[in-house]
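Side chains are part of it too, since the values below use all heavy atoms of this structure and drop only hydrogens, waters and symmetry mates.
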Amino acid sequence: MKDFGLDIWADDNFVIHNDTVNINHASKPSLLQITQDIRNKGYKGPLLLRFPHLIEKQISTLFNTFEKAKQEFNYSGSFHAVFPLKVNQFPNFITSLMDVSSAYNYGLEAGSKAELIIAMTKTPLGAPITVNGFKDKEMISLCFIAVKMGHNLTITIEGLGELETIIQVNREFNTTASTPMTPKIGVRIRLHSSGIGIWAKSGGYSSKFGLTSTELLEAYEMLKKNNLLGHLWMIHFHIGSQMGEIAPLKKALREAGNIYAELKKRGADALGAINIGGGLAVEYSQHEGKTERNYSLQEFANDVVYLMQEIARSKGVDEPDIFTESGRYIAASHSVLIAPVLELFSQEYNEKGLRLKDTNPPLIEELHDLYKSISRKHAREYLHDALDHMESLLTLFDLGYIDLEDRSNTEILVNLIIKKSIALLKSEDTDELKKLQDRIQEKYLVNFSAFQSLPDFWGLAQQFPIMPLDRLDTKPSNPASIWDITCDSDGEIGFNRELPLYLHDIDVSKEEYFLAFFLTGAYQEVLGMKHNLFTHPTEAVIHFDTEGKYYVEHLIEAQNLMDVLDDLDYDTNIIDKTLKYRIEASTHITQEEKRELLGKLYLYLSENSYLKTIQAHNTNNTNKDNT
Ligand SMILES: *Cc1c(COP(=O)(O)O)cnc(C)c1O
């Protein structure tokens, strides 16, 4: 994996400059510099950095690519897009999103009442709002209120019961109104075709959403009977997220396009838009030959425009306006999670740890000789000898012939020999060597929670690109697995022979080492769990001024301990009083000590739950604050 697969996943957003990974924009600062900058202000633990210029890039690319496709095919319908709030509702993200998209009349999609309130507040009047998902009478009423405010809102019918409620609410809101105002109406269709991959369930006949053709005909009649047919203007579908291949989309487009044309011919004159949902994939892979997407955005846009045009022409109806609700594509690249490495868990396997005696068991002497004299020429032979000796020595230990120090020396020497022979033989990528890497992998303990910050890794085995912030001029040599700080064995990104990650050999007691997790901007934040009560990390927005200088803005620190408990509905007053009382009532400490303990306690309570300092186990070194 060259340069951590930057040329595969980074889309020119990041570049390696000397030995650091830098933002490929404006003054091109390194992520390390920004990280240090924020840490110097006193914020420790994991950091989530947001880059509005990357949101802008995705939005303008989406609009420009569709514009190009429209021109190429001389397409007469217009192109619109909304951002599906479920992908990221965090205010620092949404505020940036609305700021950078003002030139595009970009809107929001809501799937719940709370999301609808965000959409009603954050969408500029006139920009589209689409409302999907299951709705009750209150949610439908909120849609009518939004329209009365002047919003351009489309409510998607997901089922016939919902349509009945819409008809009822329409009566309540408009019978006595001076100017009757009704939201635009869309229908979600249940497609025969479905997506592929781990998110494929949103399409197809067994999908949770959408009307079958029989229901569609019935909806048509109901709308007509209630004088609402003039509001039916959008056909909607969504075939699932992270669509790796283009073929299922094409099938869905043909199906949806024909439904559009059929309804129009039947008399749905106001029908004028097709909403293709989301599903545009993001390339998360950092390994050649393991890519997740087989099409470009231009191919995607061309297919949509071409197929809609072809169907409209052959059925003799107008070319529909095209709406997309791509979320992952817009949001994923905008944020980077940066977390400090706290500790490496195989440092006992270094030469310093050896406790060789004046006379050692002969096999250990031999291991020592092998280690000292191993060379390229004999590497494989020596390696096999070492593995063989280890088996014998472990048996000798079980039988009581060698002691614990001998056993420790065996483990260290064999590990050192494996490491050395892998380095010597690295041009030969044999299976045996790959298997041995599993054995010598280093565990990097990293100050973050995978449950909080990469929930799709935990739940769906989704990979995210990972790389260190610096030392990029040195080839990393340690096969690495990553441990988060939760007490849960699922919080591990294990070393994977198929998707290997190598990191640098570092001494955390002397030097800092940060890992960056990329493409975390879609879905990860709100899906993140407070497992072990680790909360959303400290976040910041990175802006650039016209001279290219960067600014750290809107810093929000991770919640402190009391706020975390308050969120769980603990009475923090009682917690506070109890802690205080227990110190004051303690009989074995002096008044002086009590004051000191209370001071410390309150300091800790005001901090977040990520680790502050950790005792590096290399005790002869002064401890550097690596959190
Ligand atoms: C989730 C969802 C989207 C967004 O999908 P992405 O794959 O993130 O682009 C769009 N529309 C609907 C209806 C959705 O449910």
Within the distance-only criterion (no hydrogens, no angle test), does the side chain of [X] pair as donor or acceptor with the backbone N or O of [Y] below 3.5 angstrom?
X      : Y      : answer
Glu115 : Gly111 : yes
Glu162 : Ile157 : no
Asn24  : Asp12  : yes
Gln309 : Phe73  : yes
Arg190 : Thr212 : no
Glu221 : Ala219 : no
Gln242 : Leu280 : no
Lys135 : Thr156 : yes

Using only heavy-atom distances, determine whether the side chains of [X] and [Y] contain a donor-acceptor pair under 3.5 Å.
X      : Y      : result
Arg328 : Ser241 : yes
His80  : Asn105 : no
Lys122 : Thr95  : yes
Gln298 : Glu72  : no
Ser76  : Glu319 : yes
Thr520 : Ser335 : yes
Glu245 : Asn294 : no
Lys68  : Asn64  : no
Thr486 : Asp484 : yes
Glu525 : His536 : yes

Is there side-chain contact between [X] and [Y], with heavy atoms separated by less than 4.5 Å?
X      : Y      : result
Val82  : Leu108 : no
Asn13  : Ile23  : no
Thr154 : Trp233 : yes
Leu153 : Leu116 : yes
Met529 : Pro455 : yes
Val304 : Phe66  : yes
Tyr295 : Asn302 : no
Phe173 : Thr182 : no

Considering only NZ, NE, NH1 and NH2 on the basic side and carboxylate oxygens on the acidic side, decide whether [X] and [Y] come within less than 4.0 Å.
X      : Y      : result
Lys265 : Glu262 : no
Lys2   : Asp7   : no
Lys264 : Asp318 : no
Glu310 : Lys315 : no
Glu498 : Lys290 : yes
Arg293 : Glu283 : no

[X] to [Y] - nearest heavy-atom pair and separation:
X      : Y      : result
Asn92  : Ile556 : ND2-CD1, 3.5 Å
Ser78  : Asp321 : N-OD1, 2.9 Å
Ile155 : Pro183 : CG2-CB, 4.0 Å
Gly159 : Leu211 : N-CD1, 3.6 Å
Met308 : Gly257 : CE-CA, 4.0 Å
Met243 : Phe300 : CE-CE1, 3.7 Å

Determine whether more than 12 heavy atoms belonging to other residues, nucleotides or ligands lie under 6.0 Å from atom [atom1] of [X].
X      : atom1 : answer
Trp458 : CH2   : no
Asp136 : CG    : yes
Glu553 : CD    : yes
Tyr306 : OH    : no
Lys148 : NZ    : yes

### Query
Among all residues two or more places apart in sequence or in another chain, which pass the ring pair (Phe, Tyr, Trp, His ring centres under 6.0 Å) test with Phe544?
His25, His53
### Task
Given side-chain contact (heavy atoms from CB on, under 4.5 Å), test Ile185 with Leu229 step by step and report yes or no.
CA-CA 9 Å; Ile185 295 174; Leu229 198 55; over 6 Å; no
## Note on the structure
Those residues at least two apart in sequence (or on a different chain) that pass side-chain contact (heavy atoms from CB on, under 4.5 Å) with Glu492 are Lys443, Ser481, Trp483
### Query
What residues form a side-chain contact (heavy atoms from CB on, under 4.5 Å) with Ile117, not counting sequence neighbours?
Met120, Thr121, Leu142
### Task
From the options Ile311, Ile189, Val317, select the one residue that forms a side chain to side chain contact (heavy atoms under 4.5 Å, CB included) with Tyr260.
Val317
### Message
Using the rule ring-ring contact (aromatic ring centres under 6.0 Å, His included), only one of Trp9, Phe464, Tyr523 pairs with Tyr284; which is it?
### Response
Phe464
### Summary
Given the options Phe518, Phe93, Phe90, His334 meets ring-ring contact (aromatic ring centres under 6.0 Å, His included) only with Phe93
### Validation row, ring centre His236 to ring centre Phe323 under 6.0 Å
no
### Query
Do the ring centers of Phe79 and Phe63 come within less than 6.0 Å of each other?
yes
### Message
Using the side-chain hydrogen bond (donor to acceptor under 3.5 Å, both in side chains) definition, which of the options His238, Lys86, Arg188, Glu325 pairs with Asn132?
### Response
Glu325
### Task
Mind telling me whether Tyr106 and Phe83 have parallel, tilted or perpendicular rings, with 30° and 60° as the class edges?
tilted
### Query
For Arg50 and Glu539, what are the C-alpha separation, side-chain angles and deciding distance, and is it a salt bridge (charged side-chain N to carboxylate O under 4.0 Å, His left out)?
CA-CA 8 Å; Arg50 301 187 197 275; Glu539 62 168 275; 2.9 Å; yes
